[in-house]
Structure formats: C-alpha cells, structure tokens
2 protein chains.
Amino acid sequence: MESKGMRPDPFQRDCGSRQVIDRIGDRWSVLVVLTLADGERRYGELAEHIDGISQKMLTQTLRGLERDGLVTRTVHASVPPRVDYALTDLGHSLLDLVSGLEAWATTHLADVQAARVRYDAEVLRRPPATTRPARR
Amino acid sequence: MESKGMRPDPFQRDCGSRQVIDRIGDRWSVLVVLTLADGERRYGELAEHIDGISQKMLTQTLRGLERDGLVTRTVHASVPPRVDYALTDLGHSLLDLVSGLEAWATTHLADVQAARVRYDAEVLRRPPATTRPARR
DNA sequence: CTGGATCCCTTCCGATACTG
DNA sequence: CAGTATCGGAAGGGATCCAG
C-alpha cells in the first residue's frame with residue numbers, strides 16, 4: 001500500500017509502474033491498441049490486420065490488455081460465435097501515447113536505419129582487439 | 001527502397017517501423033532514455049539508477065540505442081576509464097514520448113492494478129469448463 | 001571503471017492439433 | 001469463428017570470470 005505522498009517510481013525494480021511500462025512496451029500490445037483505435041473489432045479482424053501475429057499471441061495479448069482494464073471483450077451468443085474487442089476509457093487514454101509512438105516510428109524510421117548502417121559499417125572497420133590468444 | 005508516396009506501415013510484418021517500435025518497447029530502453037533525460041551520465045551512474053538491470057543488459061541496451069542513433073558514447077582516455085552516455089537530437093525527440101509513457105504509467109497505475117484484481121477474482125470464480133474428461 | 005565472453009536457465013513465441 | 005492445449009526451438013536475461 002503506497003501512501004499518498006509517494007509517487008510510483010519505475011526505476012525501483014518492484015514498483016508496479018514498471019509492469020505497466022512493460023505492458024505498453026509489449027511487442028503486440030501497441031499494435032492491438034492501434035487497431036482498436038477506430039472502434040471495436042472482431043477477433044478475426046484483429047488477426048487479419050496485424051500481419052504476422054499468431055493466434056496464440058493475439059489471444060494472450062488480448063487477455064493481458066483485458067486484465068489490465070484497457071480493452072473489453074464482448075461475447076455474442078450466436079452461431080458461429082462472435083467476439084468483439086474494444087478499448088475502454090482507460091485504453092483510450094493510452095491511445096494518444098501509442099499513436100505518438102507510431103508517428104515517431106514512421107517519421108524517424110529513415111534516421112534510425114541510416115544510423116544503423118553507419119554504426120554497422122564502423123564496427124566492421126574496428127580491428128579484432130589486440131588479437132585474441134586462444135585461452136590458456 | 002521505399003518510394004516517397006509510401007508511408008511505413010507497422011502492421012506489415014517486414015516494415016522497419018515495427019523494429020523501431022520494438023526498440024522503444026524494449027524493457028530497458030525506456031528506462032535508460034529517461035535516465036539520460038537530464039543530461040549525460042556515466043555507465044556506473046546508469047547502472048546504479050536503474051534498479052535491477054544487469055551489466056549485460058545495460059551494455060546491450062546502450063549498444064542498441066547507440067546503433068539506432070539515439071545515444072552517443074564518449075570514451076575519456078583516463079585512468080580509471082570513464083565513459084559518458086548522452087541523448088542525441090534524435091534521442092531527445094523521443095524523450096517527450098517516453099516521458100509521456102512514464103507519466104501515463106504512474107498516473108494510471110492504480111487503475112490498472114484495480115482492474116487486475118477485479119479480473120483475477122472473476123477468473124477464479126469461473127467453473128472449470130464443462131468438466132474435463134480425461135482424454136479418450 | 002567499463003565492458004567483453006560464457007554458461008545456463010527461463011521465458012517467449014510460432015506451429016500444430018483439437019474443442020465448443 | 002474463436003479459442004485452448006501442447007511441444008520445441010529461439011531468444012531473453014542473470015551470474016560469473018576475465019581483460020583493457
């Protein structure tokens with residue numbers, strides 16, 4: 001139980017805020033949230049839209065987001081079954097941030113790729129260190 | 001080579017923008033960037049400030065950030081050796097976003113934790129499905 | 001002090017098969 | 001259609017020892 005005066009500090013290993021950052025940082029969570037930006041989507045729609053995600057990871061990611069109160073899961077008792085996912089208010093509050101992430105990624109992609117090429121070329125030019133004598 | 005008219009699309013599996021998102025999503029990258037927000041830091045300072053990070057992960061994370069052009073690495077030829085890390089302009093452009101992430105995490109931590117408790121309690125109440133007959 | 005190299009255990013994650 | 005169950009390979013990540 002944290003007292004009112006204490007702010008959560010992600011630099012402390014046991015602070016829950018680090019778990020929150022981890023979830024946001026999750027590879028698929030960002031893409032799922034972005035896909036739900038325009039409104040609710042069916043399970044299959046999500047799977048189709050997010051190229052390369054496996055059934056397992058999609059389900060697992062959705063469960064995680066649901067558990068954290070970021071998305072809702074609505075089961076329609078019909079045949080065939082239909083399940084809709086949508087962002088909660090909490091989820092929407094995250095949307096701005098995540099959109100910003102996407103925007104940053106797309107606008108600075110070229111810079112990052114250029115930096116990588118430069119770095120890799122530099123590393124290749126480095127001598128193998130004073131020669132590594134086989135140990136012993 | 002992408003033509004000018006094509007925007008990077010993180011929903012495509014092979015788009016580089018997804019790699020960028022992955023780096024941001026990296027567990028330690030966010031914390032390292034945040035630590036460098038106030039200016040350059042020595043290797044040891046970073047290690048001390050980010051509770052729970054191992055030497056290996058710190059070094060690995062810094063290399064990744066350096067490769068992507070987000071941080072600079074400055075070696076001072078002294079004894080004992082001293083290495084300073086600092087954000088590049090590109091790194092600074094990311095800082096706003098990452099700070100937003102931290103802010104969101106800390107302000108909504110309580111909501112997330114409450115949602116988890118609710119969800120977990122709900123799951124426990126669920127019946128073990130129509131009974132699992134030992135297969136066959 | 002700042003790491004590089006290794007060992008090794010854990011977690012992630014994709015592929016596949018099966019159920020309501 | 002929307003999952004769950006399971007297996008095995010790949011990657012993540014900590015501990016330790018060593019070098020410049």
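All of these numbers come straight from a predicted model, not from anything done at the bench. Numbers restart at 1 for each chain; the letters A, B, ... are given by sequence-line order, proteins then strands.
With sequence neighbours left out, Asp120(B) forms a salt bridge (charged side-chain N to carboxylate O under 4.0 Å, His left out) with Arg67(A). Residues satisfying the salt bridge (charged side-chain N to carboxylate O under 4.0 Å, His left out) test with Arg73(B), not counting sequence neighbours, are none.
Distance CE (Met57(B)) to C1' (dG3(C)): 13 Å, rounded to an integer number of Å. Distance CD (Glu48(B)) to P (dT2(C)): 11 Å, rounded to an integer number of Å. Taking atom CG of residue Asp22(B) and atom C1' of nucleotide dG12(D), one finds them 14 Å apart after rounding to whole Å. Rounding to whole angstrom units, CG of residue Asp26(B) and C1' of dG12(D) are separated by 10 Å. Nucleotide dT11(C) holds its C1' atom 16 Å from the CD atom of Gln19(A), rounded to whole Å. Distance, Trp28(A) CH2 to dT11(C) C1': 17 Å, rounded to whole Å. Atom CG of Leu58(A) and atom P of dA2(D) are 10 Å apart (whole Å). Straight-line distance from the CG atom of Leu62(B) to the C1' atom of dC1(C): 14 Å, rounded to whole Å.
The Arg42(B) side chain lies nearest to dC1(C) when the options are dC1(C), dG13(D), dA15(C).
Sorted by residue number, the members of residues 71-87 of chain B with any non-hydrogen atom under 4.0 Å from DNA chain D read Pro81(B).
The residue among Gln55(A) and Gln55(B) whose nearest nucleotide of DNA chain D lies closer to the 5′ end is Gln55(A). Residue order along DNA chain D, read from the 5' end via each residue's closest nucleotide, puts Glu45(A) first among Ile53(B) and Glu45(A). Both Lys56(B) and Gly44(B) lie near DNA chain C, and the one whose nearest nucleotide falls closer to the 5' end is Gly44(B).
Residues Tyr119(A) and Asp68(B) form no side-chain contact, since every pair of their non-hydrogen atoms from C-beta on lies 4.5 Å or further apart.
Val75(A) and Val71(A) fall within the same hydrophobic cluster, where Ile, Leu, Val, Met, Phe, Trp and Tyr residues are linked whenever their side-chain heavy atoms come under 4.5 Å apart, directly or through other members. Linking ILVMFWY residues whenever their side-chain heavy atoms come closer than 4.5 Å, directly or via other members, leaves Val117(A) and Val123(A) in distinct clusters.
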Determine all donor-acceptor pairs shorter than 3.5 Å in which one atom belongs to a side chain in residues 46-56 of chain B; sequence neighbours excluded.
from, atom 1, to, atom 2, distance (Å)
His49(B), ND1, Thr35(B), OG1, 3.4
Asp51(B), OD2, Arg13(A), N, 3.1
Ser54(B), OG, Met57(B), N, 3.3

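Counting only residues at least two apart or on different chains, the salt bridge (Lys or Arg N to Asp or Glu O under 4.0 Å) pairs with a member in residues 79-97 of chain B are Arg82(B)-Asp84(B).
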Step by step, would you call Leu34(A) with Val30(A) a side chain to side chain contact (heavy atoms under 4.5 Å, CB included)? CA-CA 6 Å; Leu34(A) 283 175; Val30(A) 173; 4.1 Å; yes

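An angle of 40°, rounded to 10°, separates the two end axes of the helix from dC1(C)-dG20(D) to dG20(C)-dC1(D), each defined over five pairs.
Note on Gln60(B): nothing from the nucleic acid sits closer than 4.0 angstrom, heavy atoms only.
Taken from CG in Leu65(A) to OH in Tyr85(A), the straight-line distance is 10.0 Å, to the nearest 0.5 Å.
Within the structure, every side-chain polar atom (N or O) of Arg27(A) is placed at least 4.0 Å from both OP1 and OP2 of dC12(C).
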